[in-house]
Amino acid sequence: MPTRDVWRIPQSGSLDRLRRETEDLEAPPPGHVRVAVGAVGLNFADVFACLGLYSATPAGAFVPGLEFAGTVEAVAEGVSAVAQGDRVMGLTRFGGYATSVNADARYLRPLPDGWSFAEGAALPVQAITAWYAISELGACKPGQAVLVQSAAGGVGLNALAILEGLGARVVAAVGQASKAAFLVDHARLERRQIIVRDRRTFGSQLDEALRANGMDGFHLVLDAVAGPFFEPAYRRLRPAGRLVVYGSADLMPAGTRTNWLRLVPRYLTRPRLDPIRMVSDNKSVMGFNLIWLWDQADRLADAYAGLAPYITRPPHIGRRFPFGEAPAAMRYLQGGASVGKLVLET
């Protein structure tokens with residue numbers, strides 16, 4: 001029986017509980033394939049899950065990780081779309097921090113020609129999140145004004161690529177000046193399109209950016225930060241505007257375990273909306289998390305097809321970590337200094 005290495009946490013609550021283990025891996029069941037993992041994509045959900053702050057976290061011990069890329073080693077009955085030796089990228093509902101996985105073949109896609117495993121592992125979660133937020137929920141049209149929070153992150157960069165292809169007008173918000181410079185170089189934005197957000201003055205920063213870019217409000221806001229940045233953006237939505245929330249990075253703890261004394265006040269002061277007032281404001285707020293669509297595998301084909309015209313180059317890899325340094329990689333992601341995607345390489 002083949003063996004594999006995994007990073008497992010016996011119980012959520014602290015990143016310090018992550019342990020590397022070697023275990024047997026049974027043959028893939030019907031409809032599945034065994035993939036030798038070349039790279040694993042990191043997501044904020046991995047950190048939140050290990051800290052016990054993610055509602056979809058499995059009970060008890062679990063292996064983090066939602067996406068990977070590698071080579072198919074074995075194919076079970078009922079699988080015809082992939083074959084042994086194929087290079088693939090895929091999604092998994094946890095279990096991705098492993099050197100080998102038994103993956104449901106419905107969630108695999110061929111690795112694009114010329115892409116590395118790291119680039120393949122960087123794509124699925126964040127690119128599909130961006131596409132779903134912009135196209136399915138945001139109903140974005142050419143020429144519309146869009147605010148992208150966390151624009152230098154993995155979802156943000158995918159969102160910028162999609163919005164550029166759509167012909168939307170963009171304002172990008174980031175947390176650090178170095179990320180603003182990165183967006184000028186990498187995403188072809190002008191400096192007037194970028195805000196280095198400030199907790200105290202974010203509203204006035206938005207007003208200045210709107211004026212500088214000839215906009216009178218946003219048709220769409222993509223928000224993965226929330227906290228004090230939510231309400232100023234909501235107030236600057238145009239009539240019939242949409243604000244799509246798919247994360248809450250403002251609640252990310254700073255240490256390896258959750259500091260409840262710091263987190264609870266932020267949670268209790270989180271934004272509140274009056275649905276009756278929303279009717280008169282003529283604005284919409286939508287929240288989603290792709291993991292709750294896990295059982296709808298048939299929708300993946302539409303998502304990848306929708307992405308194809310816009311994602312024409314490999315994702316930006318901000319930093320690569322060896323598989324054995326998974327805890328350090330998660331702490332780096334948690335710190336908020338990264339741009340693009342972080343990956344583990346086996």
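This structure is a prediction, so every number in the text was calculated from the model and none was measured.
For the atom pair R211 CZ and L206 CG, the distance stands at 10.5 Å (nearest 0.5 Å). Taken from OG in S338 to CD1 in I317, the straight-line distance is 11.5 Å, to the nearest 0.5 Å. L307 CG to D302 CG: the interatomic distance, rounded to the nearest 0.5 Å, is 11.0 Å. To the nearest 0.5 angstrom, L344 atom CG is 15.0 Å from F117 atom CZ.
No salt bridge links D298 with R106; every basic N to acidic carboxylate O contact stays at or beyond 4.0 Å. Electrostatic pairing of K341 and E67 counts as a salt bridge here, judged by a charged N lying under 4.0 Å from a carboxylate O.
A donor atom on one side chain and an acceptor atom on the other are not found under 3.5 Å apart for R331 and Q334. Looking at D5 and T22, their side chains do bring a donor and an acceptor atom within 3.5 Å of each other. There is no side-chain donor-acceptor pair under 3.5 Å between D46 and Y54. R200 and Q205 form no side-chain donor-acceptor contact under 3.5 Å, judged by distance and modelled atom types alone.
Between H186 and F182, the angle of the ring planes stays under 30°, which puts this pair in the parallel group of the 30/60° scheme.
A cation-pi arrangement is found for R197 relative to F229, the charged atom lying closer than 6.0 Å to the ring centre and inside a 45° cone about the ring normal.
The backbone N or O of E21 lies less than 3.5 Å from no partner atom in the side chain of W7, so there is not a single donor-acceptor pair.
Residues satisfying the salt bridge (charged side-chain N to carboxylate O under 4.0 Å, His left out) test with R192, not counting sequence neighbours, are E190.
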Derivation and outcome, side chain to side chain donor-acceptor pair (under 3.5 Å), residues R34 and Q84: CA-CA 9 Å; R34 186 173 72 237; Q84 188 173 356; over 6 Å; no

